[in-house]
Every structure is written in structure tokens, then in C-alpha cells.
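Computed over heavy atoms, backbone and side chain alike; hydrogens, waters and symmetry mates excluded. Fair warning: this is a prediction, and the values are worked out from it, not measured in the lab.
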Protein chains: 2
Amino acid sequence: MTDLRPGDASLVRKVNTQVTLRALRREGVATLTQLGRITGLSRQTVEAVLDELGERGWVREVPPDGGVMGRPARRFGFRADAGHVVGVDVSGDRVVVTLADLNGEVVACERVPVAAGAPAPERLDVARRACLACVDGAGVARTRVWALAAGTSGIVDRSGRVSLSLTLPGWTGVDLAGIAGRWFGCTALAANDANLAALAEHWRGSAQHASDVVYILAGHRLGAGILIGGRLHPGRSGAAGEIGTLRQVGWEEAATSLVKEGSAEEVFAGAVAGDRAALRAVDRYAENLAIGASALVLAVDPDLLVIGGAYSQAGDVLLAPLRRHLAELCLSGPEVVTSTFGDDGVALGAVRLALDRVERDVLGL
Amino acid sequence: MTDLRPGDASLVRKVNTQVTLRALRREGVATLTQLGRITGLSRQTVEAVLDELGERGWVREVPPDGGVMGRPARRFGFRADAGHVVGVDVSGDRVVVTLADLNGEVVACERVPVAAGAPAPERLDVARRACLACVDGAGVARTRVWALAAGTSGIVDRSGRVSLSLTLPGWTGVDLAGIAGRWFGCTALAANDANLAALAEHWRGSAQHASDVVYILAGHRLGAGILIGGRLHPGRSGAAGEIGTLRQVGWEEAATSLVKEGSAEEVFAGAVAGDRAALRAVDRYAENLAIGASALVLAVDPDLLVIGGAYSQAGDVLLAPLRRHLAELCLSGPEVVTSTFGDDGVALGAVRLALDRVERDVLGL
DNA sequence: TCACTTACGAGACCTCTTTCCATAAGTTTC
DNA sequence: GAAACTTATGGAAAGAGGTCTCGTAAGTGA
């Protein structure tokens with residue numbers, strides 16, 4: 001249950017501050033009267049709220065807009081650059097850092113390769129340097145980073161510790177959130193990469209209008225992320241969606257079955273060109289994929305199934321057989337689409353996660 | 001996102017009414033001063049709120065409690081009998097009706113057998129009569145039933161229509177919520193029986209302290225219900241957890257494998273007695289069960305797995321092998337327990353669902 | 001009967017919101 | 001260039017809620 005706290009008059013101010021701030025963020029720039037109309041509050045109240053927000057540095061007055069009739073109205077804008085958040089994707093062979101302002105607009109991006117076999121301390125150091133370089137390069141003061149979120153492959157528990165990683169050496173047991181928190185001295189979060197990719201699709205990608213989403217990361221390895229009610233569902237131990245370990249679903253074979261015919265890219269290219277062996281290989285892959293996907297789909301019954309990861313670039317060559325096999329397994333399956341962001345979604349989803357935290361903690365709720 | 005409405009002073013009153021009402025419901029009977037301490041509100045405010053609630057009929061003043069020192073305090077109690085809710089379980093061979101007051105205390109219960117082959121209209125009529133008889137028998141005015149919820153096997157969509165039933169004749173397509181709403185002229189809901197059983201366990205049974213729960217109904221047929229964050233997760237089409245159709249998980253064989261050796265009860269009894277053939281049969285059943293369960297567990301990663309349904313009465317004879325097989329399939333599975341209510345949980349969960357609705361709509365939020 | 005304890009009730013004061021009205025600062029028209 | 005019109009601003013007053021304080025009421029125990 002939501003534990004409800006009693007409210008005095010200041011609660012009303014809190015709520016109205018929220019309402020006003022949200023409206024202003026949507027509008028970008030607005031006058032007092034406009035905000036009053038939008039929020040349903042009186043102009044006076046909006047003014048008082050905005051004064052307070054101005055003092056706190058959230059809001060800035062911008063020059064009035066000439067040209068219209070009547071006395072020019074004071075105009076206010078949300079200071080999206082009052083703070084920033086960092087999203088990091090620490091994957092097998094690279095680190096991707098995305099810096100965004102409070103509106104979620106991406107300000108800078110940094111990609112740094114890292115050796116697949118790099119031990120954990122080295123990988124962490126690469127990530128740290130990349131984050132600092134990204135922030136410094138964008139001319140953002142390090143103290144202006146209010147939150148950071150990191151995504152990585154493997155199972156990440158609620159506290160942001162990597163509790164199991166099969167692919168990155170020495171990665172199991174790394175307290176990713178704890179360590180990353182010290183980079184900027186801000187709150188830090190960590191989550192599974194597929195989960196974050198799902199979040200990114202829900203935010204700005206293919207899954208914007210879906211509430212419950214299953215995201216399948218189809219690449220050299222297979223992973224899955226789940227959104228329930230538009231929010232991350234990590235599960236008790238952060239392992240929700242990690243269905244790969246179940247032998248019956250055959251996700252372990254899936255990847256190997258594909259590369260038997262050559263590199264994955266070659267196989268998909270061949271399938272596009274109409275090569276029958278390649279088509280068969282893709283079909284087999286899709287079938288294996290569908291078994292695991294259907295387990296997730298039947299369990300969660302999502303609005304949408306998003307296929308991401310490197311292989312999703314193959315598009316309909318993969319999707320068509322996947323849809324077919326899925327339809328056989330699930331009586332009434334969800335819509336299936338490819339991801340908008342592919343691998344870049346992880347860092348973007350991390351940004352969203354960090355923003356969620358900032359909006360909850362700093363902007364209050 | 002939650003759409004936030006601006007608040008004036010009356011918002012504060014609404015919130016404080018909520019807080020007070022909740023506290024009073026927890027306490028049962030309390031004085032103004034006690035409520036003030038609990039809620040953090042001033043005595044004055046509590047008094048004003050209670051006056052208002054008294055006028056609306058939610059709250060009643062009860063005689064003061066003598067014996068303690070000082071001036072006797074006025075005492076107030078929540079009027080749990082101001083309204084009632086009905087929970088119905090329409091299953092293959094019987095209808096169970098549970099009538100509860102606003103505290104969720106069960107006031108009356110009615111069990112009526114119904115022929116397994118009964119067509120839908122007859123089944124509905126039996127359910128209707130049972131509901132009316134239960135309410136009338138308890139001396140509760142029919143207009144005092146504020147909400148009704150019905151649980152049934154099969155897939156029930158968001159609107160409360162049975163979109164697929166494989167076991168009840170003519171049941172597919174029945175608008176259960178719509179029809180049941182006319183019985184008392186109140187809001188009516190319908191949901192899958194396993195989902196409601198899960199809700200009951202979370203409310204008052206084995207799953208009270210778990211937030212994410214997978215409930216498996218193990219009986220003549222197999223079904224599953226899922227709770228996320230303590231709330232029902234029906235999924236897009238109401239089919240969340242309906243993993244039985246997936247051939248790989250082998251839930252279809254599970255049931256048949258058991259009864260090959262005789263009736264299920266005999267087999268479990270034999271296993272308890274140490275009969276080797278029976279033990280093997282139970283082990284095979286547990287193994288099949290574990291495959292489907294692990295798919296759900298890996299997908300959702302719940303805090304708790306509850307085994308309900310008729311077979312759960314076998315207790316450790318079933319649970320021990322189930323835990324063993326599950327541990328093989330899921331690296332770090334959740335705790336596994338048997339249900340508290342068994343089959344009775346469906347009607348009780350329906351009560352909880354109806355109460356949730358009443359609390360949201362009538363008591364406001 | 002007196003002291004002690006606990007609850008009640010009225011009044012003062014604070015916060016936040018809304019409504020109303022006079023005033024300011026532009027544009028358009030004559 | 002002045003008058004009329006439009007739109008925004010700023011201050012005063014009123015109302016709804018909530019808290020705090022203090023005197024009073026209504027019990028118990030000696």
C-alpha cells in the first residue's frame with residue numbers, strides 16, 4: 001500500500017509546484033497566464049510558485065515576446081541545464097556514455113572501445129574516464145551531474161551490484177552502482193542492459209504507447225527486459241526475463257545454430273538475398289527465439305514485444321518467421337516490432353532511469 | 001505518468017480524510033487523541049474529519065471506555081457494515097459466494113454445486129441465485145452491495161468478458177462482469193480464478209509479505225496468476241501466466257501423467273505412505289510442474305511462488321520434489337510455499353478485488 | 001473533598017488559494 | 001499624436017484548512 005502522510009497547507013503548494021513544473025516542462029516557455037490556463041491554477045499562484053522555483057534555480061525568466069497585442073507578458077522557461085544526468089552502457093567490447101539535461105535532451109555522447117577480456121578494474125576505469133571526459137567535454141561542471149545510471153549485461157540486483165555475469169571477466173560481484181556513485185559523488189543506479197533498452201523504447205522509441213513491454217535483445221547473446229505499467233520490472237533479484245538458463249527454451253542453441261553457417265551478418269545478408277540455406281538458418285534461429293519469447297509473452301502477456309540487439313537490424317527477414325513461429329506458440333500474441341535504438345538504447349534507457357530518480361527525489365513526488 | 005491535478009485547500013482535507021480513515025480502519029475503534037497521534041494530525045483536525053465522515057455514514061461514535069484515568073474520551077469506530085462486497089467463484093462444479101463487509105470480514109458464505117456440463121445460462125443463473133441467497137440470508141439489503149467481483153477459470157479480458165474457456169461449456173464470450181453487475185446494480189468485475197487466488201494469498205494468506213507473487217493452481221487443470229507490486233497483473237488480454245499452452249513446458253502431460261496411476265488423491269496418499277510407484281509418479285508430476293513454473297519464475301522473478309489448488313494439500317510430498325526440480329532449472333529461485341486457502345481463495349480474492357475498487361472509487365484516492 | 005489525569009472546545013494565527021479591481025504597458029485606429 | 005482597445009501586473013480582501021495554546025470539563029484515586 002501507498003503509505004499516505006497527512007498534509008497541511010504546504011502540501012497544496014507542493015502539489016501545485018509539481019503541476020506547474022510539469023506544465024512548464026511540456027511547454028518549454030510560457031507566460032503566467034498561459035500556465036494558469038493549462039494548470040487550472042490562478043495566475044497569482046503560478047507567479048508565487050515560479051518565484052520560488054526561480055530562487056531555487058529551476059526556472060528562468062526569458063525576455064518577453066513582442067509583436068502581440070496588449071501588454072507583453074513575462075515569460076518563463078524551465079532551466080533544463082540546471083542539472084544533468086549520465087547514462088552509461090558498459091558492455092562486452094565498449095562503453096557508451098550519454099549526457100543529458102533535465103529535459104532528457106542528449107547533450108553529449110562518448111563511445112570508447114574496451115577489450116573483451118579486460119578485467120573488471122580496467123573496465124571500470126575505462127567507464128569512469130569516459131564519463132568524466134563526456135561531462136568535461138560538454139562543458140558541464142561535474143557537480144552538476146545529479147544522477148547516473150549504468151547498464152550492463154548480467155544480473156544486477158536491487159542495490160545495483162552485479163550478482164552474476166557470465167560474459168564479462170571478473171564482473172560478478174562488482175558493486176557497479178556504488179562505484180559509479182563516487183565518480184561524480186551523486187546518486188547512482190545500475191540495471192540490466194536489456195531492461196534499460198526496454199525503457200528507452202518506451203520513452204522515445206517503438207514502445208511509446210505500450211504499457212507492458214517485453215524487450216528481447218537478440219545479438220551475440222540473448223537477453224530480455226520487462227516493463228510493467230511503463231516501469232522497470234527487475235524482479236526480486238534483478239533476474240526477471242533471464243529465461244536463457246531454461247534448457248527447454250533453447251536460447252543457448254539459438255545463437256550457435258546461427259553462426260554455424262558463417263558469421264551472423266553473412267547469414268542475414270544471405271537471407272535477404274534469398275539464399276535458401278541462409279533462410280533456413282534464420283528460420284531455425286527464429287524458431288528457437290520464439291520458444292523463449294513465447295514463454296515470456298505467455299507469462300507477462302505484454303502489449304508489445306520489441307526485438308532489439310544487433311540482429312534486429314535484419315528487420316523483416318528475422319521478424320517474419322519470428323511472428324509466424326510465435327503465432328503458433330501463443331494463441332493471441334502481442335504486436336512484434338523492432339527496436340528504434342538498437343544497442344544505443346541501453347545508454348538512453350540509463351538516462352531515463354537516472355532522470356526518473358531525479359524527478360522523484362529532487363523535483364519531489 | 002500520473003496526471004496530477006492542481007490542488008486547493010480541499011485537497012488537504014481529502015488527504016487527511018484518507019489518512020484518518022485508514023488509521024481508523026486499522027485500529028477498529030479509537031479516540032480522537034489516539035488517531036491524532038497515529039496520523040500525525042492535530043486532534044482538532046481529526047475531529048473535523050470524523051464529523052464529516054459521521055454525516056456520510058462511514059463512522060459511528062461508540063460509548064466511551066470507562067475504567068481509565070481522566071476524562072473519558074469520545075471513541076469512534078469505522079462502520080464496516082455501511083456497505084458490503086460480494087466475491088464469487090464460478091468454477092467447473094460449484095459456485096462459491098462470499099459476502100464481506102467493508103473491513104473485509106466475511107459475513108456469509110454460500111456454496112452451491114453446479115453440473116460440470118451445465119450450459120452458460122444455467123451456470124449464470126445458479127451463480128445469481130447463490131449471490132442473492134447469500135446476501136438476503138445475511139440480512140444485508142441488496143442496495144448495500146457496493147461492488148461484486150467474480151472469478152472463473154479461463155481467460156478474462158480487461159472488460160470482464162470471458163474471452164476463452166476450454167473447460168466450461170458455452171462460457172467463451174460470456175460478459176461475466178456485465179451480467180453480474182445487473183444482479184445488484186453495482187459495479188462488477190471479473191478476473192481469472194488463479195489471479196484472484198493469488199490476491200487472496202497476498203491479502204491474508206501465505207504471500208502477505210511478498211510484493212511480486214506467482215501463484216500456481218495445481219489441480220485437475222493447471223493455471224497461474226501473477227501479482228506485481230501486490231497488484232493483479234492480468235496482462236493485455238487477461239492471459240498473463242497462461243503458460244499451459246506452451247508445449248515445451250508440458251503442463252498438458254503433467255495432469256495426465258499423475259492420474260495414470262489411479263486417482264490423484266490415491267497417488268498422493270500412496271506417496272505419503274511411502275509407496276515407490278506413487279512417489280515416482282509424484283516426482284514426475286513435480287518435474288513437469290517445475291518446467292512451467294520455472295518459465296514463469298524466470299520471466300517474473302517473483303519474491304514468492306505459491307502452490308495452490310487441490311493438489312497443494314499434499315504438502316511436502318509434492319513441494320519437496322518441486323523445490324528440487326525448480327532449483328535445477330532456476331539458479332536462484334524464490335521461496336516456495338503452499339497456499340493458505342486452497343480453492344476457497346478464489347472467492348476471497350474476488351472480495352479483495354471488489355474491496356479495492358470500493359476503496360478507490362468510494363473512499364476516494 | 002482535593003489532587004491528578006485526560007479530553008474537550010474556543011480563539012488566535014499561519015499558509016495557500018481565489019476573486020476583484022485598479023494600474024501598467026503595449027497595439028491599433030482615427 | 002491622442003484615444004480606444006487588449007493583455008498583463010500587483011495588491012487587497014476573503015475563504016478554507018490546519019496547528020497551537022489555554023482555559024474548562026469530566027473522570028479516577030486518596
Partners meeting salt bridge (charged side-chain N to carboxylate O under 4.0 Å, His left out) with [X] (sequence neighbours left out):
X: A:Asp8; answer: none
X: A:Arg56; answer: A:Glu52
X: A:Arg60; answer: A:Asp81
X: B:Arg26; answer: none

Rounded to whole Å, how long is the line connecting atom [atom1] of [X] with atom [atom2] of [N]?
X: B:Arg71; N: C:dA7; atom1: CZ; atom2: C1'; value: 5 Å
X: B:Gln18; N: D:dG18; atom1: CD; atom2: P; value: 14 Å
X: B:Arg75; N: C:dT6; atom1: CZ; atom2: P; value: 17 Å
X: A:Phe76; N: D:dT9; atom1: CZ; atom2: P; value: 7 Å

Mark up nucleotides 11-20 of chain C, 5' to 3', with B wherever a protein heavy atom is under 4.0 angstrom from a base atom, S wherever such an atom reaches only the sugar-phosphate, and - elsewhere.
-> ----BSSBBB
All ring pair (Phe, Tyr, Trp, His ring centres under 6.0 Å) counterparts of B:Trp58, not counting sequence neighbours |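 Expected list: B:Trp146.
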Which nucleotide sits closest to the side chain of B:Arg74: D:dG27, D:dA26, C:dG9?
->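 Comparing D:dG27, D:dA26, C:dG9 against the side chain of B:Arg74, the answer is C:dG9.
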Between A:Ala73 and B:Val46, which has a closest nucleotide on DNA chain D that is more 5'?
->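 Nearer the 5' end of the strand: A:Ala73.
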Heavy-atom contacts under 4.0 Å between residues 28-39 of chain B and DNA chain C, which residues?
->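 Heavy-atom cutoff 4.0 Å gives B:Leu32, B:Thr33.
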Rounded to the nearest 0.5 Å, what separation is found between the CG atom of B:Leu35 and the CZ atom of B:Arg43?
->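 Answer for the CG-CZ pair, B:Leu35 versus B:Arg43, is 11.5 Å.
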Which pairs with one or both residues in residues 197-208 of chain B pass salt bridge (Lys or Arg N to Asp or Glu O under 4.0 Å), sequence neighbours excluded?
->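 Output for this query lists B:Glu105-B:Arg204.
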Can you name the side chain to side chain donor-acceptor pair (under 3.5 Å) partners of A:Asp303, sequence neighbours left out?
->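 Side chain to side chain donor-acceptor pair (under 3.5 Å) list for A:Asp303, sorted by chain: empty.
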